[in-house]
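Note that the structure is a prediction, hence the values are computed from the model and not measured. In the text below, chain A, chain B and the rest are named by the order of the sequence lines, each starting its count at 1.
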There are 2 protein chains.
Amino acid sequence: MADALTLVGDRWALLALRELGFGVTRFTDIQGFTGAPRASLAARLRDLEASGLVERRRYSEHPPRDEYLLTRAGQDLMPVIGALREWGERYATPLVRDHGPDPSG
Amino acid sequence: MADALTLVGDRWALLALRELGFGVTRFTDIQGFTGAPRASLAARLRDLEASGLVERRRYSEHPPRDEYLLTRAGQDLMPVIGALREWGERYATPLVRDHGPDPSG
DNA sequence: GACGTGAGTTCAGATGTCGAACCGACTCGG
DNA sequence: CCGAGTCGGTTCGACATCTGAACTCACGTC
């Protein structure tokens with residue numbers, strides 16, 4: 001569990017993974033949909049790549065352009081992310097609406 | 001999803017919730033099992049209480065002593081945490097062993 | 001050349017984390 | 001009574017990380 005959280009115990013990483021699971025692959029799209037600051041997203045994607053959850057693939061040489069794809073390990077995290085989303089819809093959204101905590105990382 | 005992560009998108013919060021799910025209720029025990037720094041744990045527990053995932057209950061007046069219990073919303077997060085644990089055992093532990101990223105929070 | 005896009009990088013300030021020390025409210029035994 | 005110990009935190013300074021805004025690079029298009 002602690003190992004899992006070492007890799008994905010981070011808001012932006014999980015949100016990025018969710019977008020990748022939807023089939024989004026471009027940096028700007030992931031960034032736009034998640035709202036992550038660009039530096040944070042770049043760092044998280046690098047971590048996820050280093051961790052083997054995500055692979056980076058060149059889709060254009062001129063100009064050089066990369067896209068991001070889930071590995072097997074990344075794909076197998078999707079049911080967890082789906083479950084978290086469902087829980088969130090049921091509980092977290094109402095709780096945040098009412099009187100959630102300050103947005104904290 | 002983003003709302004869910006506002007509440008639980010934090011390593012120590014998730015680890016604390018896992019212990020609460022096991023039935024651990026005392027501050028010192030949660031802290032010991034999770035390895036969270038005391039100040040971080042205190043802050044996370046306060047957030048979780050404010051968010052309605054955890055409730056605090058006085059179990060001793062002299063000296064004043066509180067324990068922490070999961071609410072319904074907190075309990076319904078346990079399957080998600082369980083799924084994350086299973087994923088972690090299958091993928092994260094080997095990945096971290098091989099060449100995971102720097103431990104980042 | 002000017003302009004626009006995508007994919008980042010940089011940076012100063014803000015915020016968070018952490019280890020170690022500390023503190024309060026006790027209880028217990030000498 | 002006093003000292004030692006437990007529990008449940010709090011405090012603080014040093015350090016780490018995050019963030020918004022600006023910037024840069026490598027192009028392609030007009």
Sequence neighbours excluded, the answer for side-chain contact (heavy atoms from CB on, under 4.5 Å) partners of B:Ser60 is B:Pro63, B:Arg65
Any idea which of D:dC23, D:dA26, C:dC26 is nearest the A:Arg38 side chain? D:dC23
Nearest nucleotide by nearest heavy atom, which residue falls closer to the 5' end of DNA chain D, A:Ala39 or A:Pro64? A:Ala39
Take the protein atom CZ of A:Arg26 and the nucleotide atom C1' of C:dG8, then report the distance between them rounded to whole Å. 15 Å
Nearest whole Å is fine: how far is C:dC18 P from B:Arg11 CZ? 6 Å
Are any of A:Ser40's side-chain N or O atoms less than 4.0 Å away from OP1 or OP2 of D:dC18? no
Which residue, A:Pro63 or A:Arg56, contacts DNA chain C at a nucleotide closer to its 5' end, judged by nearest heavy atom? A:Pro63
Within this structure, what is the CG-to-P distance between A:Asp66 and D:dA26, rounded to whole angstrom? 14 Å
Would you please confirm or rule out a distance under 4.0 Å between OP1 or OP2 of D:dG8 and any side-chain N or O of B:Thr28? yes
Go through C:dG19, D:dG8, C:dC26 for me and flag the one nearest to the B:Pro37 side chain. C:dG19
Figure out the CG/P separation between B:Asp47 and C:dT15, and round it to whole Å. 16 Å
Here the distance between atom P of C:dT10 and atom CZ of A:Arg46, to the nearest Å, is 10 Å
Please say whether the positively charged group of A:Arg26, taken as NZ for Lys or CZ for Arg, lies over the ring of A:Tyr59, i.e. under 6.0 angstrom from the six-membered ring centre and within 45 degrees of the axis. yes
Of all the nucleotides listed (D:dG9, D:dA26, C:dA7), which has the minimum atom distance to the side chain of A:Phe27? C:dA7
Whole angstrom is fine here: how far is it from CD in A:Gln31 over to P in D:dG20? 10 Å
Find out whether B:Leu15 and B:Phe33 are in side-chain contact, i.e. whether some heavy atom of one side chain is under 4.5 Å from a heavy atom of the other. no
Check A:Asp76 with B:Arg90, please: is the shortest side-chain N to carboxylate O separation under 4.0 Å? yes
Tell me whether the OP1 or OP2 atom of D:dC18 has a side-chain N or O from A:Arg44 closer than 4.0 Å. yes
A:Asp10/A:Arg44 ion pair, N-O < 4.0 Å: yes
Can B:Phe22 be reached from B:Tyr68 by stepping across I, L, V, M, F, W or Y side chains whose heavy atoms are under 4.5 Å apart? yes
Pairs flagged by side-chain hydrogen bond (donor to acceptor under 3.5 Å, both in side chains) wherever residues 77-88 of chain B is involved - sequence neighbours left out: B:Arg85-B:Glu89
Base D:dG8 paired with B:Arg65 side chain (donor-acceptor, <3.5 Å): no
Looking at A:Tyr59, does any N or O in its side chain come under 4.0 Å of the phosphate oxygens OP1/OP2 on C:dA7? yes
From CG (A:Asp66) to CD (A:Glu55), nearest 0.5 Å: 11.5 Å
Separation of atom CG in B:Asp10 from atom P in C:dC18, rounded to whole Å: 9 Å
So, with a heavy-atom separation below 4.0 Å from DNA chain C, the residues of residues 17-25 of chain B are none
In whole angstroms, how far is the P atom of C:dC26 from the CD atom of B:Glu61? 9 Å
Could you pick out which residue, B:Leu45 or A:Gly35, lies toward the 5' side of DNA chain D when each is mapped onto its nearest nucleotide? B:Leu45
Give a yes/no on whether any side-chain N or O of B:Trp12 is located under 4.0 angstrom from OP1 or OP2 of C:dT17. no
